[in-house]
Colleague: 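Got a structure here, written out as structure tokens. Questions coming.
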Amino acid sequence: MGGSEEGTPGPNGSSSSQGADWATPLPSDRDSGETEAQRGEGTYLRSYSLQIVVLITTPWFAPIIWDGTFDCAILDMQFRNTTVWLTVFAIKKYVVFLKLFLKTSVKYLMVGHKANYYIFTDQPANVLHILLQEGWQVVVLEVHNYPHWQDVSMHSMEMISNFSKQQFLREVDYLVCLDVEMKLSDHVGVEILFSLFGTLHPGFYTANCQAFTYERHPLSQAYIPRDEGDLYYAGSFLGGSVLEVPVTRHCHQAMMVDHANLIEAECHDKSRLNKYLLYHKSTKVLSPEYLWDERMLCRPPFLRKL
């Protein structure tokens, strides 16, 4: 699944008190098989056939979801009565991506479960035309057209937070926020759901935290000191329980404070998301498999193609 995340891939970093060594070649004395190894930074899954190591739990022991680390049948049964709210913003020129996003999402995302699509757009007529052509059933919510994309980014968190409080607490169990530029190519199901989840940024999942593009302006609400950090999250795929996702409200409030002080975080809403998730730990983390963009990064052979 491709996303819209910016950023240069970080160098392969060794583990430290803040970071972890995410994908390290292993000298192999066996032909095949997998074992688990426990370290101070989390639990690692060793694949001797591929000679790699990936972290399958965070340093605070939240699961990191890789292909093969979950049982779809068990999870489908566990979440059989769950309603999921999938949100996407199709504003300004980004409406052009909506048709492909919905075409692949309907095919691969939450198949067999009750999933409601909510499209925030400033062009409802164009969006409805696309929907009528394909016969998709979604909810279209008209929003204001802000002049700058930074304003759209800032107010998108506000809109999601407001709708969560006003409407979706009565309708859904989980909220999933996605970027309209995404194109899915394989099954993505209820294995992603938990009270709060984020997705590892493909460009930084092997990097030491010193290489992360955290916000370094000390007056910004997104500021993270250089001696702090653990994981680096993408801004294109996040969510959790509707009752436990204050991240949207927090990010919007932080943006408003920075805006009033004429401060613009280096990576905008992604900077604020990483600040929030550093101090309010996610209860589940999705591997970079869920947000890989082969136009930007060559896919390692051990990654599943989503």
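When a residue number appears, it is its place in the shown sequence, counting from 1.
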Colleague: Could you check L200 against Y290 for side-chain contact (heavy atoms from CB on, under 4.5 Å), going step by step and ending with a plain yes or no?
Modeller: CA-CA 9 Å; L200 295 177; Y290 285 88; over 6 Å; no
Colleague: Quick check: do H113 and V84 have side-chain heavy atoms less than 4.5 Å from each other?
Modeller: no
Colleague: Transitively linked via ILVMFWY side-chain contacts under 4.5 Å: L196 with I64?
Modeller: yes
Colleague: Determine whether L128 and V140 make a side-chain contact, defined as any pair of heavy atoms from C-beta on separated by less than 4.5 Å.
Modeller: yes
Colleague: Are the side chains of I263 and V257 in contact, using a 4.5 Å heavy-atom criterion?
Modeller: no
Colleague: Are E289 and Y205 close enough that a side-chain donor and a side-chain acceptor fall under 3.5 Å?
Modeller: no
Colleague: Between L184 and L109, what is the shortest heavy-atom contact and its length?
Modeller: CD2-CB, 3.9 Å
Colleague: Describe, in one word, how the ring planes of F79 and Y174 are oriented to each other, choosing from parallel (under 30°), tilted (30 to 60°) and perpendicular (over 60°).
Modeller: perpendicular
Colleague: Determine, using the 4.5 Å side-chain heavy-atom cutoff (strictly less than), whether W60 and L238 are members of one ILVMFWY cluster.
Modeller: yes
Colleague: Can you check whether L231 reaches L277 side chain to side chain, under 4.5 Å on heavy atoms?
Modeller: no
Colleague: Rounded to the nearest 0.5 Å, how far does CD of Q210 lie from CG of N208?
Modeller: 5.5 Å
Colleague: State the NZ-OG distance between K183 and S105, to the nearest 0.5 angstrom.
Modeller: 12.0 Å
Colleague: Is the shortest side-chain heavy-atom distance between L219 and N261 below 4.5 Å?
Modeller: no
Colleague: Which heavy atom in A90 sits nearest to a heavy atom in V180, and how many Å separate them?
Modeller: CB-CG2, 4.4 Å
Colleague: Got a second to check how far T213's OG1 is from H201's NE2, nearest 0.5 Å?
Modeller: 6.5 Å
Colleague: Linking I/L/V/M/F/W/Y whenever their side-chain heavy atoms sit closer than 4.5 Å, directly or via other members, would Y223 and M256 fall into one cluster?
Modeller: no
Colleague: Give the minimum heavy-atom separation between L141 and Y118, together with the two atoms involved.
Modeller: CD1-CD2, 4.0 Å
Colleague: Using a 4.5 Å cut-off on heavy atoms from C-beta on, say whether the side chain of T121 contacts that of N126.
Modeller: no
Colleague: Going hydrophobic residue to hydrophobic residue with side-chain gaps under 4.5 angstrom, can you get from V139 over to F89?
Modeller: yes
Colleague: How close do F204 and A211 get, counting heavy atoms only, and between which atoms?
Modeller: CE2-O, 3.5 Å
Colleague: Go through the steps to decide whether Y279 and K275 satisfy the test side-chain contact (heavy atoms from CB on, under 4.5 Å), and finish with yes or no.
Modeller: CA-CA 7 Å; Y279 300 116; K275 171 71 174 284; 3.3 Å; yes
Colleague: To the nearest 0.5 angstrom, please state how far the OG1 atom of T104 sits from the CG atom of D186.
Modeller: 11.5 Å
Colleague: If every non-hydrogen atom of L273 is compared with every non-hydrogen atom of A234, which pair is closest and at what distance?
Modeller: CD2-O, 3.2 Å
Colleague: Report the C-alpha separation of E215 and N274 in whole Å, then their side-chain angles, then the decisive distance to 0.1 Å, and conclude whether the side-chain contact (heavy atoms from CB on, under 4.5 Å) test is met.
Modeller: CA-CA 9 Å; E215 178 56 41; N274 275 278; over 6 Å; no
Colleague: Verify the cluster assignment for M110 and M77: are they in a single hydrophobic cluster under the rule of side-chain heavy atoms below 4.5 Å apart?
Modeller: no
Colleague: Which is it for K99 and V96 under the side-chain contact (heavy atoms from CB on, under 4.5 Å) test, yes or no, and what are the steps along the way?
Modeller: CA-CA 7 Å; K99 185 173 182 178; V96 73; over 6 Å; no
Colleague: Atom CZ in R272, atom OG in S220: separation rounded to 0.5 Å?
Modeller: 5.5 Å
Colleague: Considering residues, nucleotides and ligands other than K281, do more than 12 of their heavy atoms fall under 6.0 Å from its NZ?
Modeller: yes
Colleague: Does L178 reach the side chain of L86, with side-chain heavy atoms less than 4.5 Å apart?
Modeller: yes
Colleague: If we ignore hydrogens and angles and just use 3.5 Å, is the side chain of H259 paired with the main-chain N or O of M255 as donor and acceptor?
Modeller: no
Colleague: Which heavy-atom pair separates L278 from G229 by the least distance, and what is that distance?
Modeller: CD1-CA, 3.7 Å
Colleague: Under 30°, 30 to 60°, or over 60°: which ring-plane class applies to F197 and F237, parallel, tilted or perpendicular?
Modeller: perpendicular
Colleague: Check whether N116 reaches the backbone of W85 with its side chain - one donor and one acceptor, N or O, closer than 3.5 Å.
Modeller: no
Colleague: Once you round to the nearest 0.5 Å, how far does NZ of K92 lie from CD of Q123?
Modeller: 9.0 Å
Colleague: When the ring planes of Y214 and Y232 are compared, do they come out parallel, tilted or perpendicular, using 30° and 60° as the limits?
Modeller: tilted
Colleague: Going by heavy atoms in the side chains, are K284 and I192 under 4.5 Å from each other?
Modeller: no
